[in-house]
Amino acid sequence: MSGAKFDGADLTEVVMSKAYAVGASFKGTNFTNAVIDRANFGKADLEGAIFKNTVLSGSTFDEANMKDVDFEDTLIGYIDLQKLCRNTSINEDTRLELGCR
């Protein structure tokens with residue numbers, strides 16, 4: 001998946017395990033009800049992506065563009081959340097939704 005374009009894709013209920021999506025583009029992609037385990041989204045463009053009711057475990061988003069991402073009802077482990085909250089592209093409303101300090 002590295003460097004690929006999935007802009008606007010409907011990935012509802014997808015199951016991703018150990019995906020290597022570094023530098024990929026997921027602008028506006030719908031991950032609603034997905035299970036994403038140990039995926040690497042480093043430097044990926046996730047602007048406007050929807051992770052509604054998604055399980056995110058062990059996934060990384062280092063230097064990813066997370067502007068306007070929707071994490072409504074997303075299940076994220078505490079350690080994963082701490083790492084995710086370090087991403088500076090996440091806007092203030094999303095930070096509140098996630099519970100970032």
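Basis for what follows: all heavy atoms, side chains included, without hydrogens, waters or symmetry-related copies. Every value quoted in this text rests on a predicted model; they were computed, and no experiment measured them.
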Evaluate side-chain contact (heavy atoms from CB on, under 4.5 Å) for Ile90 paired with Leu84, printing each intermediate quantity in order. CA-CA 9 Å; Ile90 298 173; Leu84 183 60; 4.1 Å; yes

For the residue pair Ser89 and Asn87, confirm or rule out a side-chain donor-acceptor distance under 3.5 Å. yes

Hey, does the side chain of Ser2 reach the backbone of Val22 with a donor-acceptor pair shorter than 3.5 angstrom? yes

Under 3.5 Å donor-acceptor, Ser59 side chain and Asn40 backbone: no

Hey, does Val35 have a side-chain heavy atom less than 4.5 Å from the side chain of Thr54? no

Is it the case that the side chain of Asp45 and the backbone of Glu47 share a donor-acceptor pair, with hydrogens and angles ignored and the cut-off at 3.5 Å? yes

How close do Leu11 and Ala34 get, counting heavy atoms only, and between which atoms? O-CB, 4.3 Å

For Thr12 and Asn33, which I'm curious about, is there any donor-acceptor pair between the side chains at under 3.5 Å? no

Asn65 side chain vs Lys67 backbone, donor-acceptor pair below 3.5 Å: yes

For the CD atom of Glu92 and the SG atom of Cys100, what is their distance to the nearest 0.5 Å? 9.0 Å

Could you measure the distance from the OG1 atom of Thr32 to the CG atom of Asp10? Nearest 0.5 Å is fine. 8.0 Å

Under the criterion side-chain contact (heavy atoms from CB on, under 4.5 Å), I'd like the reasoning laid out for Ile36 against Val55: C-alpha separation, chi angles, the key distance, then a yes or no. CA-CA 6 Å; Ile36 303 173; Val55 176; over 6 Å; no

Could you grab the distance from atom SG of Cys85 to atom CD1 of Ile76, nearest 0.5 Å is fine? 8.0 Å

Do side-chain atoms of Thr29 reach the backbone of Ala49 as a donor and acceptor pair under 3.5 angstrom? no

Apply side-chain contact (heavy atoms from CB on, under 4.5 Å) to Leu56 and Phe71, showing your working. CA-CA 10 Å; Leu56 283 174; Phe71 287 104; 3.9 Å; yes

Can you measure from CG (Asp68) to NZ (Lys27) and round to the nearest 0.5 angstrom? 12.0 Å

Residues forming a side chain to side chain donor-acceptor pair (under 3.5 Å) with Thr74, sequence neighbours excluded: none

When the ring planes of Phe41 and Phe26 are compared, do they come out parallel, tilted or perpendicular, using 30° and 60° as the limits? perpendicular

Would you compute the distance between atom CG of Leu46 and atom CG of Asp7 and round it to the nearest 0.5 angstrom? 10.0 Å

Taking side chain as C-beta onward, heavy atoms only, is Arg38 less than 4.5 Å from Ser17? yes

Applying side-chain contact (heavy atoms from CB on, under 4.5 Å) to Ile50 and Phe31, what does each step give before you reach the verdict? CA-CA 6 Å; Ile50 302 164; Phe31 291 98; over 6 Å; no

Side-chain donor/acceptor of Thr94 to backbone N/O of Val69, under 3.5 Å: yes

Sidechain-backbone polar pair: Arg95 side chain, Arg101 backbone, donor-acceptor under 3.5 Å: no

Side-chain donor/acceptor of Glu97 to backbone N/O of Glu72, under 3.5 Å: yes

Should the ring pair Phe61 and Phe51 be called parallel, tilted or perpendicular, given that the plane angle runs from 0 to 90° and is split at 30 and 60? perpendicular

